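Values in this document were obtained by computation on a predicted structure and should not be read as measured data. Chain identifiers are assigned alphabetically (A, B, ...) following the order of the sequence lines, protein sequences preceding nucleic acid strands; residue numbering begins at 1 within each chain.
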2 protein chains.
Amino acid sequence: MSADPSARRGIPDATVARLPEYLRALTGFAERGITSVSSEELAAAAGVRSAKLRKDLSHLGSYGVRGVGYEVDHLAYQISRELGLTQDWPVAIIGMGNLGHALAAYSGFATRGFRVVALLDQDSHLLGQEIAGITVQPMDALTSLAEQGLAIGVIATPAASAQDVCDQLVAVGVRSILNFAPCVLVVPEDVDVRKVDLSTELQILAFHEQRRALAAEGALEHVTLEPINSAVGR
Amino acid sequence: MSADPSARRGIPDATVARLPEYLRALTGFAERGITSVSSEELAAAAGVRSAKLRKDLSHLGSYGVRGVGYEVDHLAYQISRELGLTQDWPVAIIGMGNLGHALAAYSGFATRGFRVVALLDQDSHLLGQEIAGITVQPMDALTSLAEQGLAIGVIATPAASAQDVCDQLVAVGVRSILNFAPCVLVVPEDVDVRKVDLSTELQILAFHEQRRALAAEGALEHVTLEPINSAVGR
DNA sequence: ACGCTTTTGTGAACGGATGCACAAAGTCAC
DNA sequence: GTGACTTTGTGCATCCGTTCACAAAAGCGT
């Protein structure tokens, strides 16, 4: 039941990690003019089991109608609100190498809820250059950016500079960091770091690929190799 | 104990996901000329607790020496071997937009174990262009690439083309796919898909950021807000 | 108004991952 | 060779997340 929506405290991390996918699926339905979906349909579109979807949604309240399903627009709004996407989050990207360049132009950042307000680099010969309509500024600009309210920092520098840049972000009050550099960042307890690492993902794929190759050779014939579908666990 | 190394079957997914980080940390130690580390030191460098590290390593055998620690080179080799990095995995990147372009040039792919053998795009005006020393080919090239042994496909196309590209990869026998497109891919059971989604990561950060903002307002004063450090769970 | 059908929301069982605490096993000094 | 010290490897308890299965709740047709 959980009739009182203010009773929903502490949504599990695993659930939060899936909410964006549900939201995306709902957006897809809305674009096709579908106004109502069952948990079965939505779960299929999001790549999960319906029981999991229902339990996830139950953590944010009771927005479904038994015997009918969920109203697409309403559920999308509730998830957006829960994720904090009903307001704009100012984002700064630090490090304008190949990756930073691509991130600046990446449409995923233009998704409702996020606004790239600055591109920073310490390399002086990039300064003043315009990328995706935004002028590249020096690292000094961080302080004034923070005063105007900077919520999220994206680190796209080489690993060697990442901790230094991270420290600067934390110093000006940024507590949400998305790290693309292949290294561990040390931060105070109240700072949230998420890491995206291409090399790590490849290595995990290689592990499973090798496992399959060995199994095919018959070297592991006594091993069950069905459960390969490991999804996006993390 | 687990004296018989061939007894280590079925390494937990959570452990596999951390092995690349341990390997990176070990490489760092090796570069600084350190030949031996304790589980405490290695765990700190990898951002985990030592008990977790030891349990993880115990899944691949008993490579430590009690009272001493682990020999850096030897352990790095064992992890590399377990991950399948002692052989080369041919990688193809499909979709040469901003992101694909950055990926082609990204040094993370040049890490030992992976070799970008092809860049593909269906946009005819990109064909023949050279990126990071590799000529962009049309999608037709997939078949001959597969014959030469293609292990991993990286999808960096827009979401609308991703499923189509994925189907083509699966059709030529690729069973490991890294998907950067913001969509769910439908694949046969024996195909392994890992997804990297910038927008999802941002939304997860936004959730925690909002949670902190609400807590600061006092709206959630009865809530424990200590456990914000959610690490790289996924 | 009533019973039939559909689908949600959730209690309970299960399984996997994490953290603790310690015995086992090795090194090193003397 | 012996004893003190260090650090690994792991049994155990706990926690978190997933799955199952079903009762509760809503619509709908008659």
Taking side-chain contact (heavy atoms from CB on, under 4.5 Å) as the definition, give me every residue that meets it alongside [X], ordered by chain and number, with sequence neighbours left out.
| X | result |
| --- | --- |
| B:Tyr106 | A:Pro182, A:Leu198, B:Phe109 |
| B:Ala104 | B:Ile93, B:Leu119, B:Ile131 |
| B:Pro158 | B:Ser161 |

What is the distance, to the nearest angstrom, from the [atom1] atom on [X] to the [atom2] atom on [N]?
| X | N | atom1 | atom2 | answer |
| --- | --- | --- | --- | --- |
| B:His59 | D:dT8 | NE2 | P | 17 Å |
| A:Glu71 | D:dA26 | CD | P | 16 Å |
| B:Tyr22 | D:dT8 | OH | C1' | 15 Å |

Test of understanding: with side chain to side chain donor-acceptor pair (under 3.5 Å), list the residues that count as partners of A:Gln87, not counting sequence neighbours.
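Per chain and number, A:Gln87 pairs via side chain to side chain donor-acceptor pair (under 3.5 Å) with no residue.
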Can you tell if the side chain of B:Thr157 reaches within under 4.5 Å of the side chain of B:Asp164, non-hydrogen atoms only?
no
Contacts of type salt bridge (charged side-chain N to carboxylate O under 4.0 Å, His left out), residue [X], not counting sequence neighbours:
| X | value |
| --- | --- |
| A:Arg24 | A:Glu21, B:Asp197 |
| A:Arg49 | none |
| B:Asp88 | B:Arg115 |

Pull out every protein N or O sitting under 3.5 Å from an N or O of nucleotides 26-30 of chain C, one pair per line with the distance.
none

All N/O pairs under 3.5 Å across the protein-nucleotides 17-21 of chain C interface:
residue, atom, partner, partner atom, Å
C:dT18, OP1, B:Arg18, NH1, 2.9
C:dT18, OP2, B:Arg18, NH2, 2.9
C:dG19, O6, B:Lys55, NZ, 2.7

Return all side-chain donor-acceptor pairs below 3.5 angstrom for residues 165-181 of chain A, not counting sequence neighbours, or 'none' if the list is empty.
residue, atom, partner, partner atom, Å
A:Asp167, OD1, A:Gln163, NE2, 2.9
A:Ser176, OG, B:Glu209, OE1, 2.4
A:Ser176, OG, B:Arg212, NH2, 2.9
A:Asn179, OD1, A:Ala181, N, 2.9
A:Asn179, ND2, A:Ala181, O, 3.2
A:Asn179, ND2, A:Cys183, O, 3.3

Under 4.0 Å, heavy atom to any atom of DNA chain D: which of residues 31-48 of chain A qualify?
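Result for residues 31-48 of chain A: none.
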With a cut-off of 3.5 Å and sequence neighbours excluded, list every side-chain donor-acceptor pair involving residues 27-35 of chain B.
residue, atom, partner, partner atom, Å
B:Thr27, OG1, B:Leu23, O, 2.8

